[in-house]
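Reviewing the structure listed below.
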There are 4 protein chains.
Amino acid sequence: MNLELALRMCEAAMRQARREGALISVAVVDEGGHLVAFQRMDGAQIAGPALAPGKAYTAVAHRMPTADLARLARPGGELYGLAAGDRYVCLGGGIPLAEPRPGRGVMGAVGVSGGTVPQDVACAEAAAALWEGE
Amino acid sequence: MNLELALRMCEAAMRQARREGALISVAVVDEGGHLVAFQRMDGAQIAGPALAPGKAYTAVAHRMPTADLARLARPGGELYGLAAGDRYVCLGGGIPLAEPRPGRGVMGAVGVSGGTVPQDVACAEAAAALWEGE
Amino acid sequence: MNLELALRMCEAAMRQARREGALISVAVVDEGGHLVAFQRMDGAQIAGPALAPGKAYTAVAHRMPTADLARLARPGGELYGLAAGDRYVCLGGGIPLAEPRPGRGVMGAVGVSGGTVPQDVACAEAAAALWEGE
Amino acid sequence: MNLELALRMCEAAMRQARREGALISVAVVDEGGHLVAFQRMDGAQIAGPALAPGKAYTAVAHRMPTADLARLARPGGELYGLAAGDRYVCLGGGIPLAEPRPGRGVMGAVGVSGGTVPQDVACAEAAAALWEGE
């Protein structure tokens with residue numbers, strides 16, 4: 001991960017948010033789950049600074065989209081109970097960013113919060129697409 | 001938000017609590033989710049100092065009544081997993097207070113805890129009605 | 001501790017603050033260190049909701065004024081290291097409220113934050129004087 | 001505070017960091033202490049995501065540069081013990097941003113971490129100068 005790319009991912013997420021009519025916060029973290037860039041759109045809710053980095057951290061920590069984790073963390077799911085963790089946000093909108101070569105682990109993640117969950121996912125996917133295209 | 005209004009909102013919530021036969025804590029926070037006023041009725045449980053400000057903070061952070069959030073955060077709901085956050089209280093009884101002019105965001109919130117959830121909601125609504133009447 | 005008395009203590013602290021030309025937050029807690037009443041004057045800093053209850057809690061927890069604790073918690077002092085605790089605020093402005101009969105422990109505390117430390121102490125003392133006069 | 005200005009402040013801080021030969025993280029928060037923008041330069045330490053927002057939050061919460069707070073929070077200083085709080089970072093590099101009209105409080109803050117304290121301060125001042133120039 002580098003800052004220049006992280007900033008372009010923030011831009012991509014916010015561009016999608018404007019298409020969706022959503023006001024979002026977007027966070028990009030590195031392979032350690034540590035914040036590289038964060039941006040909150042004017043008027044976006046103050047939950048964003050907590051949830052967007054949390055989704056990105058969670059996506060790195062578990063190496064899967066938080067939308068998938070949300071399903072696994074439901075009652076009856078394999079990871080039920082995970083949602084109790086302090087820094088974990090098991091809600092759709094966090095997407096891990098894989099290393100180009102297969103089988104090499106996760107290089108970071110993007111997390112989006114502020115819209116509906118489907119909107120957050122769409123914005124995070126727009127940012128992740130930019131990573132995939134590199 | 002100002003202290004004089006916040007105190008009158010506390011009064012209104014406790015007046016409703018007496019009607020309900022409930023012993024409550026009530027918190028009023030500003031647009032940043034920071035406490036302006038808090039009052040705990042004699043005999044009300046010590047969970048109140050944690051839950052009432054938490055409900056108010058959550059209502060500001062997500063710009064919706066925590067009763068709505070509670071529904072969304074249930075297993076199977078869109079926001080299941082949201083309750084993970086440290087300061088989040090996704091239980092009915094937190095109500096955001098909107099700016100008078102439309103489309104201008106949230107100016108604070110009231111949070112009530114100590115009764116049943118419907119009682120807490122009724123008390124918070126009594127306080128919010130006072131805000132709406134300003 | 002009861003709410004009616006706690007509210008009068010808040011009033012007394014704020015009256016003193018106006019004399020001092022300070023903008024404060026004031027918190028009153030019970031013998032368990034749990035918040036009974038909190039008020040933040042208009043324009044007072046947002047550190048108050050964290051520090052005023054923290055000072056009051058600390059004063060109950062250690063059964064001494066936080067100004068005394070501040071001295072003991074200095075490097076070389078008997079309680080050096082105490083200041084690291086999460087909820088502890090070892091700064092002047094927290095005053096324990098003793099049971100009327102001697103040797104019977106602490107019934108609560110008042111904590112003030114927002115002015116200089118001497119101003120905070122003066123405001124907390126004004127509130128505590130009201131307790132002593134009961 | 002708005003995102004466009006926050007991003008320009010991040011740029012100004014990083015421009016100064018390059019002059020200083022430092023690798024920094026920079027955070028801009030609103031009047032409630034909530035993150036608006038964050039950027040970490042490539043190669044900057046992972047402490048930045050904790051410390052830069054913490055300094056900015058602290059500068060808002062106490063309405064003074066954290067370099068001043070650092071002096072007050074030293075052993076023997078009036079605010080020794082303040083550093084105890086969870087989110088408090090009493091180190092130089094956080095600067096509050098005042099409302100244009102006098103006597104109106106703080107509208108946000110910038111926090112910088114990653115260089116030496118004097119470097120962090122210089123970077124935060126470069127960002128704050130941009131605010132003052134608006």
Side-chain angles (χ1 to χ4, degrees), chain C residues 21-25 40-59 61-62 64-94 111-122, chain D residues 1 27-36 50-51 53-91 94-111:
Chain C
L23 296 172
I24 62 157
S25 292
R40 176 155 55 108
M41 292 171 75
D42 296 341
Q45 61 193 19
I46 62 170
L51 295 181
K55 288 178 182 181
Y57 167 80
T58 307
H62 285 272
M64 65 171 74
T66 53
D68 295 353
L69 261 183
R71 276 186 288 274
L72 293 169
R74 277 182 201 153
E78 189 181 7
L79 296 180
Y80 176 62
L82 183 67
D86 200 21
R87 291 179 69 190
Y88 282 80
V89 181
C90 296
L91 287 176
V112 173
S113 178
T116 63
V117 168
Q119 287 174 333
D120 291 348
V121 171
Chain D
M1 187 57 59
V28 178
V29 302
D30 66 18
E31 73 271 26
H34 302 292
L35 205 55
V36 175
L51 295 182
K55 288 178 182 180
Y57 167 79
T58 306
V60 168
H62 286 273
R63 296 181 181 167
M64 64 170 75
T66 53
D68 295 352
L69 265 182
R71 275 186 288 273
L72 293 169
R74 276 182 200 154
E78 183 180 277
L79 297 181
Y80 176 64
L82 182 66
D86 200 20
R87 295 178 67 191
Y88 283 83
V89 181
C90 295
L91 287 173
I95 296 182
L97 305 168
E99 202 164 328
R101 283 169 293 173
R104 291 296 300 276
V106 164
M107 298 304 286
V110 57

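None of these values were measured; they are calculated from a predicted model. Order of the sequence lines fixes the chain letters, A, B, ..., with proteins taken first and strands second; residue numbering starts at 1 for each chain.
Nearest heavy atom pair, residue C:A47 against residue D:Y88, reads CB-OH, 3.4 Å. Among all heavy-atom pairs drawn from C:P118 and D:E78, the shortest one is CD-OE1, 3.7 Å. Looking at every heavy atom in both residues, D:L79 comes nearest to C:V117 through CD2-CG2, 3.6 Å.
Both the backbone and the side chain of C:T116 come within contact range of chain D, each with at least one heavy atom under 4.5 Å from a heavy atom of that chain. Of the two parts of C:A44, only the backbone, made up of N, CA, C and O, holds a non-hydrogen atom closer than 4.5 Å to a non-hydrogen atom of chain D.
From C:L51, atom CG reaches atom NE2 of D:H62 across 5.0 Å, with rounding to the nearest 0.5 Å.
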